[in-house]
Asker: 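This is the structure I have questions about; it appears just below.
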Amino acid sequence: MLDIRFIRENQAAVETGMKNRGADVDVAGLLALDDQRRRVVTQVEGLKAEKNARSKQIGEVMKTGGDADAVKAQVREMGDSIATLDEQVRTLETSIREQLLYIPNVPSEQTPVGSSEEDNPVVRSWGEPKLADFELQPHWDLGQQLGLFDLERGAKLSGSGFPLFTGAGARLERALIQFMLDLHTEQHGYAEVAPPFFCNEATMTGTGQLPKFAEDMYAMPVDGLYAIPTAEVPVTNMYANEILDQALPILHTAYTPCFRREAGAAGKDTRGLQRLHQFDKVEMVKFTRPEDSAAEHEKLTANAEAVLQALNLPYRVIELCTGDMGFSASRCYDIELWAPAQEKWLEVSSCSNFGDYQARRANIRYRNEEGKVAFVHTLNGSGVALPRLVIALLENGQQADGSIVLPDALASYMRGNTVLTR
RNA sequence: GGAGAGAUGGCAGAGUGGUCGAAUGCGGUGGUCUUGAAAACCAUUGAGCCGAAAGGUUCCGGGGGUUCGAAUCCCUCUCUCUCCGCCA
């Protein structure tokens with residue numbers, strides 16, 4: 001959420017930011033409400049000051065045995081006006097907050113301006129695309145031939161988009177989770193957490209999923225819970241409503257399944273493991289001082305890339321433009337793996353700097369050098385999402401004989417067996 | 001699921017109607033002393049909102065009520081702890 005004072009003092013910049021995002025936001029209308037709110041607050045607080053003073057007088061009069069009934073009646077009347085004005089303030093504050101919750105973050109000045117994914121610049125590439133002298137098979141054929149997953153039975157259990165991994169495929173899923181968690185905890189300095197998979201409304205609001213994106217999530221209304229679409233939600237909100245007294249930055253990594261309704265995405269990339277309602281992901285989350293977040297964002301992205309380099313998979317990093325960036329982000333890199341059989345790039349990681357946008361929503365603060373309380377910056381990135389990583393491993397690792405050779409880095413996690421055969 | 005107890009500042013823990021944003025201890029910060037450190041001593045130390053400032057106002061788990069006045073009384077919700085039951 002944006003700071004209403006920031007909007008007040010930077011109206012033009014906020015309006016430009018919204019325009020660059022393609023977001024329709026009535027900044028002037030919001031500021032008019034804010035103006036009204038401040039006027040009423042000033043008025044009601046003056047009344048309260050007077051009322052408090054009179055109440056105190058009543059106490060003194062009564063202590064000396066005097067008669068205070070007349071003053072009491074007067075003060076009671078003041079109380080009535082105060083109640084009316086307080087109600088106005090509450091209404092104004094509620095509607096201001098409602099509007100703020102629907103306003104996306106202002107893009108960073110460094111974020112390239114653009115209207116769609118067409119405008120996302122490629123920042124760098126790593127590795128060479130696979131060349132083969134045989135016809136490459138798509139991962140869904142490979143998976144079926146080698147018995148790595150059974151999507152029909154998965155659909156029987158829950159519907160399409162809920163994968164059932166089997167045999168070496170299930171093992172590979174577990175191996176990758178463990179491999180990535182080990183890498184981030186042992187090499188990159190992240191502290192592992194294992195959070196809840198269902199979160200309440202306040203938590204979902206803290207990171208920006210609610211109120212605007214309720215339709216994208218699985219909900220359990222009986223219990224007031226939502227299935228998490230990413231570990232970002234529980235891990236970022238771990239410190240909601242706290243003033244952190246530990247040294248920053250704080251780095252966490254977590255494995256969780258992720259649940260997405262993918263509302264509106266029906267029919268798109270539905271083949272195989274490309275787009276699922278449930279998938280596994282290892283996530284990295286950072287809490288930093290404002291002045292450190294840009295540098296930490298680069299490191300976070302490098303940490304995600306390290307996973308792909310260790311697995312020797314070709315990828316590219318693109319930067320999302322203003323029109324393609326997520327709701328809460330001020331800056332964002334996507335990492336895409338090359339899927340040689342389908343000849344397309346697959347997004348496996350999204351590394352975002354949220355500035356203080358989420359911290360303000362979730363009320364996560366720290367004490368700066370002057371001892372002042374201030375909002376932290378939050379960042380997160382996938383490190384990385386599993387299904388598309390599996391796609392790349394299968395399609396890149398396939399051999400002419402139909403077997404799949406996995407990278408050596410996974411050997412110890414696969415009990416030494418890095419060749420998947422029938 | 002049943003019974004009981006509790007929720008106060010970074011932590012511990014007082015406070016049962018006005019003198020309470022809140023004792024005391026610990027911790028934090030600054031200082032005195034010291035070659036340096038420790039100890040001791042002194043001072044200081046919650047957050048939000050309005051305001052240029054002075055200052056004002058709100059907050060003692062959340063919400064509501066009683067009262068001129070609520071951390072304190074009443075209702076309600078949530079959470080935590082203890083015991084019982086059930087259970088991976």
Side-chain angles (χ1 to χ4, degrees), chain A residues 1-9 30-101 194-206 210 220-226 234 237-248 250 257 287 289 356-376:
Chain A
M1 159 168 83
L2 300 180
D3 183 1
I4 188 70
R5 271 175 306 192
F6 176 83
I7 299 176
R8 203 187 296 150
E9 289 156 19
L30 177 63
L31 287 177
L33 275 185
D34 176 53
D35 200 57
Q36 197 183 342
R37 171 190 136 262
R38 287 188 292 155
R39 279 204 305 270
V40 181
V41 163
T42 304
Q43 190 188 351
V44 71
E45 286 191 353
L47 268 179
K48 281 179 178 174
E50 198 182 334
K51 183 187 170 212
N52 287 343
R54 299 244 185 135
S55 286
K56 210 167 222 174
Q57 280 172 18
I58 291 173
E60 279 155 24
V61 169
M62 291 180 70
K63 208 175 291 175
T64 57
D67 177 13
D69 285 356
V71 195
K72 277 192 191 180
Q74 234 181 6
V75 175
R76 192 181 295 129
E77 267 180 48
M78 294 179 68
D80 292 342
S81 340
I82 287 171
T84 309
L85 291 172
D86 263 344
E87 182 58 36
Q88 280 180 39
V89 172
R90 224 185 340 260
T91 306
L92 286 164
E93 281 179 347
T94 303
S95 96
I96 288 168
R97 182 174 164 80
E98 279 291 301
Q99 292 192 30
L100 285 174
L101 288 176
F197 300 158
F198 306 119
C199 289
N200 59 33
E201 197 174 299
T203 301
M204 288 297 175
T205 305
L210 288 180
M220 283 151 279
V222 176
D223 300 295
L225 293 171
Y226 295 84
N237 283 286
M238 272 173 65
Y239 301 111
N241 300 312
E242 292 189 32
I243 298 174
L244 300 173
D245 53 0
Q246 45 189 307
L248 295 175
I250 297 171
F287 304 84
R289 297 168 177 277
D356 62 9
Y357 185 89
Q358 290 182 328
R360 184 170 287 108
R361 280 182 167 242
N363 195 27
I364 307 169
R365 297 173 295 174
Y366 79 109
R367 273 178 218 285
N368 63 21
E369 281 74 11
E370 300 96 67
K372 292 274 189 195
V373 174
F375 290 106
V376 299

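For the numbers below, each heavy atom of this structure counts, side chains included, while hydrogens, waters and symmetry mates do not. The sequence lines fix the lettering, A, B, ..., with proteins before strands; numbering per chain opens at 1.
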Asker: By the side chain to side chain donor-acceptor pair (under 3.5 Å) test, which pairs, at least two apart or in different chains, include something from residues 72-82 of chain A?
Answerer: Arg54(A)-Gln74(A)

Asker: Hunt down the Watson-Crick or G-U wobble partner of A52(B), both distances under 3.5 Å, from any strand shown, or write none.
Answerer: none

Asker: Can you pull the side chain to side chain donor-acceptor pair (under 3.5 Å) pairs that have at least one residue in residues 86-96 of chain A, sequence neighbours excluded?
Answerer: Lys48(A)-Asp86(A), Glu87(A)-Arg90(A)

Asker: If the sugar-phosphate is the primed atoms plus P, OP1 and OP2 and the base is the rest, what is the B/S/- string for nucleotides 46-63 of chain B, using protein heavy atoms under 4.0 Å?
Answerer: -SSBSS----BSS-----

Asker: Give each protein N/O atom lying under 3.5 Å from an N/O atom of nucleotides 18-23 of chain B, with the pair distance.
Answerer:
unit_1	atom_1	unit_2	atom_2	d
G18(B)	N2	Ser55(A)	O	2.9

Asker: Please measure how far the P atom in G6(B) lies from the corresponding atom in G85(B), and state the result in whole Å.
Answerer: 24 Å

Asker: What is the distance from CG of Asp223(A) to P of C77(B), rounded to the nearest Å?
Answerer: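 Between P of C77(B) and CG of Asp223(A): 17 Å.
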
Asker: Should U82(B) form a Watson-Crick or G-U wobble pair with both distances under 3.5 Å, which nucleotide is its partner?
Answerer: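 U82(B) is paired, partner A3(B).
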
Asker: Roughly, in whole Å, what's the span from CG in Leu225(A) to C1' in C79(B)?
Answerer: 14 Å

Asker: Of Lys72(A) and Arg90(A), whose closest RNA chain B nucleotide lies nearer the 5' terminus?
Answerer: Arg90(A)

Asker: Keeping the roles fixed (side chain from Asp223(A), backbone from Leu225(A)), state whether a donor-acceptor pair exists under 3.5 Å.
Answerer: no

Asker: Tell me every residue that passes salt bridge (charged side-chain N to carboxylate O under 4.0 Å, His left out) with Arg97(A), counting only those two or more places apart in sequence or in another chain.
Answerer: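 Applying salt bridge (charged side-chain N to carboxylate O under 4.0 Å, His left out) to Arg97(A) gives none.
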
Asker: Pairing check on C87(B): which nucleotide meets the Watson-Crick or G-U wobble criteria with it, both distances under 3.5 Å?
Answerer: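 Paired with no nucleotide.
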
Asker: Arg76(A) CZ to U66(B) P: how many Å, rounded?
Answerer: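 The answer, rounded to whole Å, is 11 Å.
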
Asker: Please give the nucleotide sitting opposite U67(B) as a Watson-Crick or G-U wobble pair, both distances under 3.5 Å, or none.
Answerer: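 Paired with U67(B), as far as the under-3.5 Å criterion goes, is no nucleotide at all.
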
Asker: Suppose you measure atom C1' in C60(B) against the same atom in A12(B); what distance do you get, rounded to whole Å?
Answerer: 16 Å

Asker: Run the side-chain donor-acceptor check on residues 357-365 of chain A: report pairs under 3.5 Å with partners two or more places apart or on a different chain.
Answerer:
unit_1	atom_1	unit_2	atom_2	d
Tyr357(A)	OH	Ile103(A)	O	2.5
Gln358(A)	OE1	Thr378(A)	OG1	2.7
Gln358(A)	NE2	Thr207(A)	O	3.2
Gln358(A)	NE2	Glu232(A)	OE2	2.8
Arg360(A)	NH1	Met1(A)	O	3.3
Arg360(A)	NH1	Asp356(A)	OD1	3.3
Arg360(A)	NH2	Asp356(A)	OD2	3.2
Arg361(A)	NH1	Thr205(A)	O	2.8
Arg361(A)	NH1	Leu210(A)	O	3.1
Arg361(A)	NH2	Leu101(A)	O	2.4
Asn363(A)	OD1	Arg365(A)	NE	3.3
Asn363(A)	ND2	Asn241(A)	OD1	3.3

Asker: Run the side-chain contact (heavy atoms from CB on, under 4.5 Å) test against Asn52(A) and tell me which residues pass, sequence neighbours left out.
Answerer: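 Residues passing side-chain contact (heavy atoms from CB on, under 4.5 Å) with Asn52(A): none at all.
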
Asker: Rounded to the nearest angstrom, tell me the gap between atom CG in Leu244(A) and atom C1' in G28(B).
Answerer: 16 Å

Asker: Can you tell me the base-pairing partner of G27(B)? Count Watson-Crick or G-U wobble geometry only, both distances below 3.5 Å, and say none if there is no partner.
Answerer: U45(B)

Asker: To the nearest Å, give me how far apart CD (Glu77(A)) and C1' (U67(B)) are.
Answerer: 17 Å

Asker: By salt bridge (charged side-chain N to carboxylate O under 4.0 Å, His left out), which residues pair with Arg39(A), not counting sequence neighbours?
Answerer: Asp35(A)

Asker: Given that both distances must come in under 3.5 Å, which nucleotide forms a Watson-Crick or G-U wobble pair with A22(B)?
Answerer: none

Asker: Determine the minimum heavy-atom distance between Gly206(A) and Asn237(A), stating which atoms define it.
Answerer: CA-OD1, 3.6 Å

Asker: Return the pairing partner of C33(B) with a 3.5 Å limit on both distances, Watson-Crick or G-U wobble; otherwise return none.
Answerer: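 C33(B) is unpaired by these criteria.
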
Asker: Taking ring pair (Phe, Tyr, Trp, His ring centres under 6.0 Å) as the definition, give me every residue that meets it alongside Phe375(A), ordered by chain and number, with sequence neighbours left out.
Answerer: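 Phe375(A) satisfies ring pair (Phe, Tyr, Trp, His ring centres under 6.0 Å) with no residue once adjacent residues are dropped.
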
